[in-house]
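Residue numbers begin at 1 in each chain, while the letters A, B, ... track the order of the sequences. Below, each value reflects all heavy atoms present in this structure, side chains not excepted, and no hydrogens, waters or symmetry copies.
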Amino acid sequence: MSASGFAPSAGVPHMDIDPFSIEFFEDPHPAHEVLREAGPVVWFDKWKVYGVARHAEVHAVLNDPLTFCSSRGVGLSDFAKEKAWRPQSIILEADPPEHARTRAVLSRVLSPTVMKQLRGSFVAAAEARVEALLAKGSFDAIADLAEAYPLSVFPDALGLKPEGRENLLPYASLVFNSFGPPNKLRQDAIERSAPHQAYVAEQCQRENLAPGGFGACIHARADAGDITAAEAPLLVRSLLSAGLDTTVNGIGAAVYCLARFPDQWARLRSDPTLARNAFEEAVRFESPVQTFFRTTTRDVEISGVGIGEGEKILMFLAAANRDPRRWDRPDEYDVTRKTSGHVGYGSGIHMCVGQLVARLEGEAVLSALAKRVSAIEITGPATRRFNNTLRGLESLPVSIKAA
Amino acid sequence: MPTIIFNRPDDRSERIDASAGDSVMQVATTNGIDEIVAECGGNAMCATCHVYVDEGWIARLAPMSEEEDELLNGVAAERLENSRLSCQIKITPELDGLVVRLPDRQI
Ligand code: HEM
Ligand code: FES
């Protein structure tokens, strides 16, 4: 068993892969396979952390939050040893029993009942966006659709002021880069973060949030005594951090899949009610959120491998989502696949609390496309955007035709 | 091991051995009962794990929470007196023989 951070337990395969390098991000799938096939648990020499890439182990770690905790950070940095770069999240980076209280507040603010109220306006905005893109014919599916659509619905649903919204995507990109190791992506992001952090801190305050929005509803839970007045802005911050860039990459992933796999596009067109599942399958297939860490709270065994207390474990959600032990034809995008059990939103107590918002946005966009568009064609090179946690494109030039 | 009986919409019936501590939803999804979607993984957020509990069993279950009650208002198939969310039913040895009927749709 290792003294934390120096060497792995005997028998754990050493990997010289850097899972946070640009080279890795260019094409992670072959490397994911290497990690999965090396063993149930691997060790990264470069960052001195354990990793799990198979579905069973990722699922097991996610579902034992007392042994594999989040309160020491869900990035590489161990909050027990290093000060967090921002005040710690009171939901994402919290453990039971405290987690349940803040989680209950966000579950309620983002509940199915609330989604029913939002549905009409989210669907109308998606249809209007698709009409406008049809008029254009050729456009960038990332800037003009994957980013433009969430930006047209989510900040309003949250109740944000119109001014300063240009900070939202840079702030989210910063948050997701910060989970990685101290590489260039993380350092550059933190260096440039001051204005975005100031914006976000300001927007989380009650007086800046429009009545009826998610933000105001969170503050109302403080009046009800479910959380303290000081906790409310921190929960609003969670939505500002995790609610936008994730769906941007989710919608981008879905459009990229449908543009690349015409047979799946044809199936969706013949039955637009598959839209929700087509989005869910894109979340499995591309895994917009690729990784998260946990920290061990005690000596523990994973699939027979002993791991000491205080070790960081990197969970490869994306690799688990294509583990052939769990999935038939894992590398195929199939809009009719039974996707339940994928870990693209995590699993267990931290499983994405915004999943209903994500699915509503994804379904609205894909169903509008399926009803109004006959063909999507990629017309130029798809370029990648690099982030320590998020996977997605920088640009995807396409042209579309009306049905 | 408690056995759970799932009656499908087409009247086929499945008997599945379950472990105490699991939820009825977990038993269904890990045993190929496709009528249970369970989009939210048991986090009481999606109402896609709806079941009708056999009349003889309904009173023997732990009462539902306020959240479950609210979620049941949003189920896709008709909500009946005996509607429950299967992710909120924890299996205990006393539930050996529990019978649930699966609705024809969840979304
Ligand atoms: C396709 C889009 C999305 C993906 C792939 C995604 C992915 C994830 C994942 C993997 C986790 C688990 C983190 C962990 O286990 O440590 C998570 C948690 C979370 N997500 Fe999402 N997410 C998405 C959209 C959203 C949206 C739209 C919101 C807000 C409206 C949101 C808010 C959150 C929050 C607050 C948490 C923390 C929950 C907790 O710790 O209990 N996410 N998300
Ligand atoms: S699985 Fe989502 S409410 Fe039961």
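- Using modelled atom types, no side-chain atom of B:D54 and backbone atom of B:L98 make a donor-acceptor pair closer than 3.5 Å.
- Exactly one residue among B:R101, B:R105, B:R8 makes a salt bridge (charged side-chain N to carboxylate O under 4.0 Å, His left out) with B:E35. That residue is B:R8.
- Interface with chain B: from residues 271-292 of chain A, residues A:R276 qualify, criterion being any non-hydrogen pair under 4.5 Å.
- A donor-acceptor distance shorter than 3.5 angstrom exists from the side chain of A:N321 to the backbone of A:V343, with no hydrogens or angles considered.
- Annotation: maximal heavy-atom pairing with chain B below 4.5 Å, among A:P112, A:S107, A:C352, A:S340, occurs at A:P112.
- The interface of residues 355-366 of chain A with chain B, defined by heavy-atom distances below 4.5 Å, comprises A:Q355, A:L356, A:R359.
- A:H350 has its ring centre less than 6.0 Å from the ring centre of A:H99.
- Here the side chain of A:D95 pairs a donor or acceptor atom with the backbone of A:S71 at under 3.5 angstrom.
- Against chain A, the residues from residues 60-79 of chain B that qualify, each with a non-hydrogen atom under 4.5 angstrom away, are B:E70, B:L71, B:N73, B:G74 in number order.
- The shortest distance between side-chain heavy atoms of A:R322 and A:R36 falls below 4.5 Å.
- Electrostatic pairing of B:D22 and B:K90 does not count as a salt bridge here, judged by no charged N lying under 4.0 Å from a carboxylate O.
- Listed by first and then second residue, the salt bridge (charged side-chain N to carboxylate O under 4.0 Å, His left out) pairs involving residues 97-117 of chain A are A:R101-A:E231 (not counting sequence neighbours).
- Note that CG of B:L80 and CG of B:N82 are 5.5 Å apart. Values are rounded to the nearest 0.5 Å.
- Proximity of a side-chain donor or acceptor of A:D323 to a complementary backbone N or O of A:H55 within less than 3.5 Å is detected.
- In this structure, B:S23 and B:I91 have side chains that are not in contact, with every pair of non-hydrogen atoms separated by 4.5 Å or more.
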Applying side chain to side chain donor-acceptor pair (under 3.5 Å), run through B:S86 and B:H50 and close with a yes or a no. CA-CA 6 Å; B:S86 59; B:H50 178 204; over 6 Å; no
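- Panel note: side chain A:D226, backbone A:A222; no donor-acceptor pair is recorded below 3.5 Å.
- Checking A:E57 against A:S303 by side-chain atom types alone, a donor-acceptor pair falls below 3.5 Å.
- Contact of A:S347 with chain B is not made at all, since no heavy-atom distance falls under 4.5 Å.
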